[in-house]
Amino acid sequence: MSAPDVPGSKETPAPELKPLSLSAIHHRLFRAYGPQHWWPADSPFEVMVGAILTQNTNWRNVEAAIASLQAAGMLDGSRIASCDEARLGELIRTSGFFNQKAVSLKAFCRFYLDHGGAAGLKRLDDPRRALLALNGIGPETADSMLLYALGMPVFVIDAYTKRIFARLGLTRPEASYHQLQEFFEEHLPMDAGLFNEYHALIVEHAKQHCRVKPLCAECPLLDRCPTGQTSA
DNA sequence: GGCCAGGTGTAAA
DNA sequence: TTTACACATGGC
């Protein structure tokens, strides 16, 4: 038996609430929030550092950590790779989980240098698998690096994506990372530029409206959202 | 003062 | 295979 097309077809929305297609949702979000110009970083390396630092952490805290690395002249692969862990932890302290992240970041930088930087990573047979083999890099971090640093067409799933599309009735709240990723990649053209913008718009939408406590009033998707219809 | 933030790894059930 | 928990800072 093949998996259902939509990993959330258990509770179908009310018939008069025809779900929007993923493309239609993208279009609406783009109209609402405009171009996002992601990832906010100056180089592929900085994107990858940010991807590690932002794990379960507010981006604002990450910006401060990156600024601190920058100010110390440490925003550099070989300097991080050879930096004392305690010192590195202090530099990235504001990003939270700084002891773990210091270890992960050092390991990643060694890996990055060993493989010849971003261009070298992109030439690997299976860069995703290589990244996932590193301690401290899971699917979201790896995919963020692939998409936003290496420009590869990989759809990034995060907590916001789960929340928004479950509320829209398109996916199940308990769907796995892999299931959600498959859903997006099967229903959209495999276009890195599109994936880039779409994920960035998802983040913006989650921050502005689809929060844990949703602000449905001005939501650009409200008329097609079963959750918003019932909770408003 | 509690909740939330662009997760991941480990260990117990 | 699933679930629980540790990891930590800072803004609202």
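Nothing here was measured: the structure is a model prediction, and the numbers come from that model.
At the heavy-atom level, Ala51(A) lies nowhere under 4.0 Å from the strands shown. Using a 4.0 Å heavy-atom distance criterion, Lys101(A) is classed as making no nucleic acid contact. Using a 4.0 Å heavy-atom distance criterion, Phe98(A) is classed as a sugar-phosphate-only contact. Leu147(A) comes within contact range of no nucleotide atom at all, as no heavy-atom separation falls under 4.0 Å.
Remark: P of dA5(B) and CD of Gln208(A) are 15 Å apart, rounded to the nearest angstrom. Atom-to-atom, CD of Glu63(A) to C1' of dG11(C) comes out at 13 Å; the value is rounded to the nearest Å. Atom CG of Asn135(A) is separated from atom C1' of dT8(B) by 8 Å (rounded to the nearest Å). Separating the CD atom of Glu140(A) from the P atom of dG7(B) is a distance of 5 Å, rounded to the nearest angstrom. Atom CH2 of Trp59(A) is separated from atom C1' of dC4(B) by 18 Å (rounded to the nearest Å). If you measure from atom OH of Tyr177(A) to atom P of dT1(C), you get 20 Å, rounded to the nearest angstrom. Between Leu53(A) atom CG and dG7(B) atom C1' the separation is 13 Å, expressed in whole Å. What separates CZ of Arg211(A) from P of dC4(B) is a distance of 12 Å, to the nearest Å.
Distance noted for atom C1' between dA5(B) and dT3(C): 22 Å (whole Å). Straight-line distance between the P atoms of dC5(C) and dC3(B): roughly 16 Å, to the nearest whole Å. When the P atom is used for both dG10(C) and dT8(B), the distance is 22 Å, rounded to whole Å.
Legend: salt bridge (Lys or Arg N to Asp or Glu O under 4.0 Å) pairs involving residues 90-110 of chain A, not counting sequence neighbours, sorted by first then second residue: Glu90(A)-Arg93(A).
OP1 or OP2 of dA5(B) has at least one side-chain nitrogen or oxygen of Arg163(A) nearer than 4.0 Å. Phosphate contact (OP1/OP2 of dG11(C), side-chain N/O of Asn61(A), threshold under 4.0 Å): absent. The phosphate of dG10(C) (OP1 or OP2) has no side-chain N or O of Arg60(A) nearer than 4.0 angstrom.
Taking every side-chain heavy atom of Thr141(A) into account, dG7(B) is the closest of dG10(C), dG11(C), dG7(B). Nearest nucleotide to the side chain of Gln55(A), out of dT8(B), dG10(C), dC7(C): dT8(B). Among dG7(B), dA5(B), dT9(C), the nucleotide with an atom closest to any side-chain atom of Asn58(A) is dA5(B).
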Where do Arg28(A) and Asp223(A) land on the salt bridge (charged side-chain N to carboxylate O under 4.0 Å, His left out) test, with the steps shown first?
-> CA-CA 12 Å; Arg28(A) 283 210 192 186; Asp223(A) 62 315; 2.6 Å; yes
Could you walk me through whether Arg129(A) and Asp126(A) pass the salt bridge (charged side-chain N to carboxylate O under 4.0 Å, His left out) test, one step at a time?
-> CA-CA 6 Å; Arg129(A) 188 142 80 131; Asp126(A) 189 346; 3.7 Å; yes
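DNA chain B is contacted by both Ile137(A) and Lys213(A); Lys213(A) maps to the nucleotide lying nearer its 5′ end (nearest heavy atom per residue).
Of the listed residues (His205(A), Glu204(A), Arg211(A)), just one forms a side-chain hydrogen bond (donor to acceptor under 3.5 Å, both in side chains) with Gln208(A), and that residue is Glu204(A).
Across all their heavy atoms, Asn196(A) and Trp38(A) have their closest contact at ND2-O, 3.4 Å.
For the pair Thr161(A)/His199(A), a side-chain contact is recorded, criterion being any heavy-atom separation below 4.5 Å from C-beta on.
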